[in-house]
Amino acid sequence: MQRIGVFVCHCGTNIAATVDVKAVAEALSHEPGVVISQDYQYMCSESGQNLVKDAIKEHKLTGVVVCSCSPRMHENTFRKAAASVGLNPYLVEIANIREQCSWIHKDIATATDKAVILGKAAVAKVHLNAPLTAGESPVAKRALVIGGGIAGIQTALDIAEAGFDVDIVEKKSTIGGKMAQIDKTFPTLDCAACILTPKMVEASQNEHITIHSFSEVSEVKGFVGNFTVTIKKKARYVDEVKCTGCGACVEKCPMKKVPNEFNEGLDNRHAVYIPFAQAVPKVATIDPNYCMMLKNGKCGICSKVCTAGAIDYKQQDRFIEQKYGAIIVATGFNPINLDKYDEFAYNQCPDVVTSLELERLMNAAGPNGGTLLRPSDKTHPHTIVFVQCVGSRCDDEKGKPYCSKICCMYTAKHAMLIREKYPDTEVYVFYIDVRTPGKNFDEFYRRAVEQYNVHYIKGMVGKVTPKSDGKIDVQASDLLSNEQLHINADMVVLAAAIEPDKTARPLATMLTTQMDTNDFFTEAHPKLRPVESATAGIFLSGACQGPKDIPETVAQASAAAAKAIGLLVKNSITCNPCVAHSDELLCNGCSSCEKVCPYGAITYQDKEFRMPDRTTAIRRVASVNPAVCQGCGACTVACPSGAMDLNGFSNSQIMAEVDAICK
Amino acid sequence: MQETMIKRAKELLADGTVSRVIGWKKGEFAYDTTPAVFETAEELDRDFAFDDFTAANVSKYLVKESRKEGKILAFLKPCDTYSFNQLIKEHRVIRENVYIIGIPGGPKLDAEKIKAKGITGILGIKNENYTLKIETLYGTETMPFYEAICGKCESCKSKKHVIYDELIGEDGDILDSNRFDTVEKLENMTAQERFDFWREQLSKCIRCNACRNVCPACTCEKCVFDNPKSGIENKAASDSFEENLFHIIRAFHVAGRCTDCGECSRVCPQNIPLHLLNRKFIKDINELYGEYQAGADTVSRSPITDYTPDDCEPSVVHERGVE
Amino acid sequence: MLKISVNKLDELFAAIAEKQTLYIPVDREVGIAEYKKWEKGMEMSKALNTVRSAKDFFFPQTENLVDFRKEGKNIEVIDIREESEDFVIFGVRACDARSFTILDKVFLVEPVDSYYKNRRDHGTVVTMACTRPAETCFCGVFGIDATEPEGDAVCYNDGENIFFKAHSEKGQKFIDSISSLLEEGDTSKLDEVQAKTREILKKLPLANLSTDSFGGDKLMENFNSDKWGELSQSCIGCGTCTFVCPTCQCYDIRDFDTGHGIKRFRCWDSCMYSEFTRMAHGNNRNSQLERFRQRFMHKLVYFPSNNNGEFGCVGCGRCLSKCPISMNIVKVMKALEVK
Amino acid sequence: MNKNLKEQVLRSSGVNVLKCMRCGKCSGTCPSYDEMEYHPHQFVYMVEKGDIDTLMNSNSVYKCLTCFACVERCPRGVEPAKVVEAVRLAAVRQQGSNHLSPVQIPDMLDEDLPQQAIVTAFRKYAK
Amino acid sequence: MQVNDNNFQPVIVAFCCNWCSYAGADLSGTNRLNYPTNVKIIRVPCSCRVNPMFILRAFQKGADGVIICGCHPGDCHYTSGNYYTRRRITLLYSMLDFLGIERNRTRLEWVSAAEGAKFAATMQQFTEDVRKLGPNRRLEDLRCRKQ
């Protein structure tokens, strides 16, 4: 038999002014199972809580209903109070008679009636409450960072700083990411390499950090605190340990006509290569698509010149398995493909380049050694046109609907750098809007206009036409002067929209994390949990979550690290006990629940059962991992047999509330 | 056809491919075949039937049969293959334990339709050129074949077998059926008319559970209506509400899973057009979330366990048809 | 014999309905006949029988037994029984008429079921002799003469006139109450019709079904028969046979919380259901085989064992036409028959 | 602001002018730009404001070549050419007469004018 | 069936998701935005927890209107729960409509934690709509009718 205590709070006059609290307490005292029903001035105060605690002890209560403010306010307060005197905290229910009753109604009689009904509903529910114990699950003290750009590096460094082991998985042969390709950074114009490469070195030397370069995540199992990840170490045909990065192989490799990805294909590299001088790990990689030895077995020069004996043509992909407590996604971004933009002649004219290509053209380590020359004829350009928003803010299938965020600033940077270095060059920037919300950002843009005399023209470029004399006609409308312009340019730079890396989508599936329609990872809450994914234990770092500049990326990277550390320092995690559970005797194994679970918390196993007809049968039944389940209840409705139910919000509890309200 | 099937079944039994055969067994009369499992050639020769009255969908039996030892041969009509596929998708049957022979579909006949013509004392039924010649205690009667076909065959959706190991006869095509016509007709009525229609129909329900128990989508280990813990268990409708409740919840539970095999209406002793409820869901799903045929394959995601961010709001209900 | 012209049926019904509530079989829709309260203009069904049996009148599918009301922490018990009104069921067939005898043996023995008795006392059963039995009919197997039904009063239809005969006091009262409409008539044509019907009854495909292998003394051989597995294999476990059956009498008692009181009601249950006779320790028949066997053993062995050899089946043939998979008592009897 | 006219133009063009983000790419790509008093982006903006009369009275509606470059290139899928066409239609309907009568044509013909252009012109300038 | 009974006080059950709509309801309380006392709220973790069984149960036991409130699509605390709600409830409401149940007895509304005003306005409107319909007669259980 239940022994339920009801406690009605006056909340000063907040409740008592519109609800006859004494009448509520009196009415509820007649409800089945109720052994004590009291009212009090401030139930949440210490003396109020003591009242509850004493009653629990004195009447050996099996359930408590507090009629007070919203459970969002004080549910925890009363649960703790109950727990302190030995009553399971989940045997406490709150009837919200302040926010949802006294504050919105004026007539005392009807408000009191409503408060009584809300109280009865809570009593009806608490009758069916079961004591719940939050489960615990151990945390593997190791983090995995997927992506070795600045976001991944920063996250890894911060986690390592806290003393936890971190692995970075980078699909390219070196970490560094996009930032390594960039020349200068806005708004300070300091050299990107100068600030990035020390971090790369730091990462490689940190005893807590393991870098798996030229590797990919191939399988993820498990849940928060307890992920098991298989990492595929792709064959690079060079023994990472033996290779000293001396570069002798690269120098001697006869296959020299391989487009150099690091320089955005603006020049060539060898079949065996080290992407750039400061690469980490500084280890050569053989490109099997071009290496003559790997393609037809004829060459082998690199193997001969390698004094370390690091070349291994027979190397195979290797798979390693590791346990992690937390996973941080830092897969970054890429500029979109501009093939579909015929109007900008990107595919027809080598002098129409993307901004990232311009970075390489201007970079001292780039194809031209830092001198800005036209790719077509290696002459110095005198008129350069920048086109903004190429593929950003588009409502069609060619582009992206969002603002890529970084283009306004890097274009201002480019324009400024060009005007600084080559004052004889005219620079035009065609913009739709100039968006500069950031510290020192607008000042930076104004400097480009005022100090460097960059011509900012409002209007999107309509057409870019390469001409026979090598010049490029740029046609655009100046919306402010209301005239159509034709600019006879030497170079055109397109600020291509950025998109999430293509590897992110399959990764999201493996991690059972959510993505938006643009393939950016969805954060658990857009305001309050911006670096966590909705899947517990998976955190988001950098541009994989949305377009970001470097400082924002680093900030988010550190935030994600902090969140991950917060998880890793725990020996075990307490799980929310209000989770779904499956009644195996009712489960059909149909997988409906699994399909709607946003967290991948449901798995199936074949189990042997003794059936009602006394036979035994192997049945496929669902089981919920309480550490992963967040308790949304989607599965409970998807389940036709009613095998799935939710602790704390069970079918019978909700129906009891319905019954109490409707009667 | 019956002979070909028996011959093939005997071959497969003999060569050990299968150890049992599920099909239909002759009855007392011309029309009362019963789904049955055969284990020997003799049983097949003696009792196996395949005729105009083998309308029953045997795929649901395979939930249990496929879990027994040895492989079973199942003769599946096109509509039955959809049910079987759906059961595979839901992991309810073990595909490897079933050898499927696709056999031609209907139209099958419904003895109740013959009896409804006032023809009684039926001793024999012959199909002569699509005229039924019916021997009765009171003389010979005739009626057109097509006036006696099963409700479920009247709006056949497909003559295609979506799964089989071998076929007897040619495979057919997915048909342009008129199966949503009645649903549409109801949708175009006023709410009061619809209410009256369904009250009239559902008030006939005797809660015999035939619709549920025959339904290949209703394979729950224990139905919520049989489970005292579910809160909605009941054994008989004590009020019109409970008549509605049972059929709404049942239709909802099979929404996105119902292959529209029509067994529910076929078996209803009170001729309640229960399939219309399921078809209403199918029609809504097709219109709101894109064409979807449950059982057409074994992998696609059911529309009810799926979503797109641009799905319509429930207010779409207010925007269409008549209130 | 007293008779009335079939053309004057409307007048007859009006006269009966004036004194008590009258139920007659009507076609709800093509192929679905059911008993309905007579109202002016209603036409009697020509169907051989109704889909649901006439047992509903005395043993309805659900029936409120008692109410409880909670006042604070007290529970008040409210007896909701009321004296039933007088009513007439017209056109009951011989099979259904016999089913009442069978039900009486269950409900009217001590302790008497007052709910059932109340209705039984107030109901007058007017039966109608069969003229066009169907292939599914086998009432003769259980000693029922379809041309001479039981009931408080019997009607015979020779196509032109309906003749009346009383079997009981209630039946005589019924005939007296409509005597102003009746006249003495010649039964020669009726005798012809009756003879013809008897001929057909002999030719029915199931006329020779034997009950020799069944009865109270054939318990173990039938219970242990190895045929049950094969027979029950196709049974889908629905309750169609039990709910259309005129003699099935199992019920369950439930409470329903209306929000302002509890209603205790009983409703039909079916031995084919997995939850049938679920008890604290669980179910006692856990496989469909056991449940299936229970139904037929009850009709063919247990019931006769307790009731002087009377079988629990009246051969109405409803389960033959309504079973979703056409498994029925006839197939069971034939399979179990010892030759 | 002429609300009815605006409604008419929006309806007959089927264009949602609110999608425009004022980038001007339509005008930037327009081959008839210099011929037009009001340019494609202005059409969109003025229709949004409801300033249809001004557009209807401008010769711009007849200068649009309906080449659909603006439609093709608009990043927001606004379809300015359809707006121009709708305004032109509104003008033609409201005037109840044709912008061009057949009598005027012979004087305007050029020997090299392709046949198709004449037909197109009729479509454009007359009902 | 129009019942012009001004004294008719409909019973309205509102299922509110814990994260958005329940908080929205709290906010309308905090802002003292009035809505009828007829509305009684049941807290569920997510709108996708609302089983059609609950809705029918409410009508059975005497509710005259049932409204479900959840986070706006895309804002679900559990990322996708309300998308499932939307499909299920659309289909269910369509089925109820098909059975001739008045459309205005049921509603699904997205109310964020910031939309206290919307919550109050929605409840006012819904209560008014249900009041106009009169007592639930088509989907009631007569045994539960209040004497």
**Student:** Not counting sequence neighbours, which residues clear side-chain hydrogen bond (donor to acceptor under 3.5 Å, both in side chains) with E90(B)? List them please.
**Tutor:**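 Expected list: Q86(B), R257(B).
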
**Student:** In Å and rounded to the nearest 0.5 Å, what is the CZ to CD distance from R86(E) to E313(B)?
**Tutor:**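 Interatomic distance, R86(E) CZ to E313(B) CD, rounded to 0.5 Å: 5.0 Å.
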
**Student:** Can you tell me which portion of Q60(E) sits under 4.5 Å from chain B's heavy atoms? Options are side chain, backbone, both or neither.
**Tutor:**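 When you check distances to chain B, atoms from both the backbone and side chain of Q60(E) fall under 4.5 Å.
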
**Student:** Given that the side chain runs from C-beta out, which part of N244(B) has a heavy atom under 4.5 Å from chain E: side chain, backbone, both or neither?
**Tutor:**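 For N244(B), side-chain heavy atoms alone lie under 4.5 Å from chain E.
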
**Student:** What is the distance from atom CG of N51(E) to atom CD1 of I249(B), rounded to the nearest 0.5 Å?
**Tutor:**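 Here the rounded value is 6.5 Å.
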
**Student:** Taking the inter-plane angle between the rings of Y307(B) and Y83(E) on a 0 to 90° scale, is it parallel (under 30°), tilted (30 to 60°) or perpendicular (over 60°)?
**Tutor:**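 Parallel.
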
**Student:** Counting only heavy atoms closer than 4.5 Å, note whether I248(B) contacts chain E via side chain, backbone, both or neither.
**Tutor:**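 Side chain only.
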
**Student:** Give, for atom CZ of F195(B) and atom CG of L96(E), the distance between the pair rounded to the nearest 0.5 Å.
**Tutor:**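 Answer for the CZ-CG pair, F195(B) versus L96(E), is 12.0 Å.
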
**Student:** Which bit of D196(B) is near chain E, if near means a heavy-atom gap under 4.5 Å: side chain, backbone, both or neither?
**Tutor:**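 When you check distances to chain E, no heavy atom of D196(B) falls under 4.5 Å.
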
**Student:** Within 45° of the six-membered ring axis of Y289(B) and under 6.0 Å from that ring's centre, is NZ or CZ of R87(E) located there?
**Tutor:**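 Cation-pi check for R87(E) and Y289(B): passes.
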
**Student:** So which part of T305(B) gets closer than 4.5 Å to some heavy atom of chain E, the side chain, the backbone, both or neither?
**Tutor:**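 For T305(B), the contact with chain E is made by the backbone alone.
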
**Student:** As an exercise, state the distance from CD of E187(B) to OG of S94(E), rounded to the nearest 0.5 Å.
**Tutor:**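 One gets 7.0 Å once the value is rounded to the nearest 0.5 Å.
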
**Student:** Once side-chain hydrogen bond (donor to acceptor under 3.5 Å, both in side chains) is applied, do any residues pair with Q270(B), and if so which ones, sequence neighbours excluded?
**Tutor:**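 side-chain hydrogen bond (donor to acceptor under 3.5 Å, both in side chains) check on Q270(B) returns nothing, list empty.
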
**Student:** Charged N to carboxylate O below 4.0 Å: is that the case for R143(E) and E242(B)?
**Tutor:**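 Yes, R143(E) and E242(B) are salt-bridged.
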
**Student:** Is there a side-chain contact between L99(E) and R194(B) in this structure, where contact means two heavy atoms from C-beta onward sitting under 4.5 Å apart?
**Tutor:**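 In short, these two side chains do not touch, never coming nearer than 4.5 Å.
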
**Student:** How long is the span from the OG1 atom in T90(E) to the CG atom in L288(B), to the nearest 0.5 Å?
**Tutor:**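 Here the interatomic distance stands at 7.0 Å.
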
**Student:** Mind checking the CZ-CZ spacing from R279(B) to F98(E)? Nearest 0.5 Å is all I need.
**Tutor:**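 One finds 10.5 Å between CZ of R279(B) and CZ of F98(E).
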
